[in-house]
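Working notes, structure below.
All chains are named by letter (A, B, ...) in the order of the sequence lines, taking the proteins before the strands, and each is independently numbered beginning at 1. As the structure is a prediction and not an experimental result, all values here were calculated from the model.
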There are 2 protein chains.
Amino acid sequence: MPQPQTADPRADRTRLSSADWEAGALDLLAEQGVTAVAVEPLARRLGVTKGSFYWHFPSREALLKAALERWEKLDEETVFEPLEEIADPAERLRELFVRTSKEMRSHVLYSELLKALDHPVVQPVMARVSQRRIHFLMQAYRSLNFSRKDAMNRARLAYSAYVGFLQLMLQLKLTRMSVEEFDAYVGHVVETLIPAA
Amino acid sequence: MPQPQTADPRADRTRLSSADWEAGALDLLAEQGVTAVAVEPLARRLGVTKGSFYWHFPSREALLKAALERWEKLDEETVFEPLEEIADPAERLRELFVRTSKEMRSHVLYSELLKALDHPVVQPVMARVSQRRIHFLMQAYRSLNFSRKDAMNRARLAYSAYVGFLQLMLQLKLTRMSVEEFDAYVGHVVETLIPAA
DNA sequence: GCTTGTCAATACGGCGGCGTATGGTGTTAC
DNA sequence: GTAACACCATACGCCGCCGTATTGACAAGC
């Protein structure tokens, strides 16, 4: 075809790499959940057929695994490493609670993964990520002179509250809160779960 | 009954009713999630074929709907109505938090449903149930002289903590807690989220 | 310019679930 | 004892997904 371009999906004429498939998988995952990350739908979405897919990956499972490991690494770098620099533990906690208001994409992904914890590929990734996050919380509470047990319990409580809120907001969509309401809620959580300076 | 019996599934030779299918659906749901509630597997489990199923229900969706409505009614009767009788609001809250330690089956079911909130049949049921529960919490906090906004936020926080803990415990199985640890955690939550008398 | 390597299309077989059609069996009613 | 009803089996067609096999297109290297 001498024609320069058609207007369909796949506007750029470049071929696809493994990374493209992984990125597309994460997009689909965020939008419609783990089960929606299927080879043929994803191929359609990318404007090719699955003949291409199986050149890059041996199976659907392999794609999921690669995509989740990519997400895991990226998540760690963008949300937790920046917080390590905040010296004051109470302030660090407060920042953690507040910063997570933005970056919706990360929450949406995490929320979808929460719904697929029975999946053998998803489970270990989520176990690692959640473990790290809870541990981060616990360390912070330890710095605030919580006993070992209290720090553990408060960390569990705080993280449970985060996880539950995600499900209620993003999945159940029970309470469509305004920005002010949301900020007020976060304020309430901070007051309740972080001891006053 | 003339025949004593055979030892295979379906030990009793009685035929099945709609209620049997609904009960079986809830069993499967608790064990393997919403997607596992499929006609043919369920029929196999009950020792019949789907020829039977489609006499009782027009579709899989209809079964799911009926089963969930049965669960909703039963849930309301067994967990919330008994609590209405406790006059003191703080005590009522404490009892709610503690009693839910037992009755694992109810939690397991709720937890599986949380993973299927995108399903059109599941969503409205969960919206009603969760709404009622949060409202119950809010009323209790109002009785404890919380402002309207504070009561709402604290109720959201408490329920989020419940929901999140469910996912972390039952689905992620991150922390295999002993009975004492669990009780200690519940104690911590009560102290943190319910004002002292 | 011809080969090699990379990405992609097509076509195929298989599996598991949904829903339909039709016929069969036991129980109950009279 | 026969007719009506309630429940169940069998067999079928459909769809969506997985994974394989084969061939094709296009670029780079030499």
Donor-acceptor pair, side chain of B:Asp20 and main chain of B:Ser17, under 3.5 angstrom: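 At least one qualifying donor-acceptor pair exists.
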Can you check whether [X] reaches [Y] side chain to side chain, under 4.5 Å on heavy atoms?
| X | Y | result |
| --- | --- | --- |
| B:Leu113 | B:Leu29 | yes |
| B:Lys115 | A:Asp118 | yes |
| A:Arg45 | A:Asp27 | yes |
| A:Asp183 | A:Glu180 | no |

Interatomic distance where [atom1] belongs to [X] and [atom2] belongs to [N] [whole Å]:
| X | N | atom1 | atom2 | result |
| --- | --- | --- | --- | --- |
| B:Phe53 | D:dT10 | CZ | C1' | 18 Å |
| B:Leu42 | D:dC8 | CG | C1' | 15 Å |
| A:Leu63 | D:dC17 | CG | P | 15 Å |
| B:Tyr54 | D:dC14 | OH | C1' | 12 Å |
| A:Trp55 | C:dC7 | CH2 | P | 4 Å |
| A:Glu61 | D:dG19 | CD | P | 8 Å |

Selected nucleotide, minimal atom distance to A:Arg15 side chain, candidates D:dC18, C:dT20, C:dC7: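 Of the candidates, C:dC7 comes closest.
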Touch class at under 4.0 angstrom, heavy-atom based, for B:Ser59 against every strand present: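 The residue B:Ser59 makes sugar-phosphate contact but no base contact.
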Pair A:Arg142 + A:Asp150, salt bridge at N-O below 4.0 Å: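 A salt bridge is absent here (no side-chain N lies under 4.0 Å from a carboxylate O).
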Members of residues 19-27 of chain B that approach DNA chain D, where some heavy atom sits under 4.0 Å away: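 DNA chain D contact set from residues 19-27 of chain B: none.
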Side-chain N or O of B:His56 closer than 4.0 Å to phosphate OP1/OP2 of D:dC8: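 For D:dC8, OP1/OP2 do have a side-chain N/O of B:His56 under 4.0 Å.
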For nucleotides 13-17 of chain C, which of its nitrogen or oxygen atoms have a protein nitrogen or oxygen under 3.5 Å away, and what is each distance?
unit_1: C:dG17; atom_1: OP2; unit_2: B:Arg44; atom_2: NH2; d: 3.3

Sole residue of B:Arg128, B:Arg133, B:Arg105 in salt bridge (charged side-chain N to carboxylate O under 4.0 Å, His left out) with B:Asp75: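 Only one of B:Arg128, B:Arg133, B:Arg105 forms a salt bridge (charged side-chain N to carboxylate O under 4.0 Å, His left out) with B:Asp75, namely B:Arg133.
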Aromatic ring pairing A:Tyr185/A:Phe165, orientation class (parallel under 30°, perpendicular over 60°, tilted between):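 A:Tyr185 vs A:Phe165 ring planes: parallel.
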Under the ring-ring contact (aromatic ring centres under 6.0 Å, His included) test, residues paired with A:Phe57 that sit two or more places apart: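 A:Phe53.
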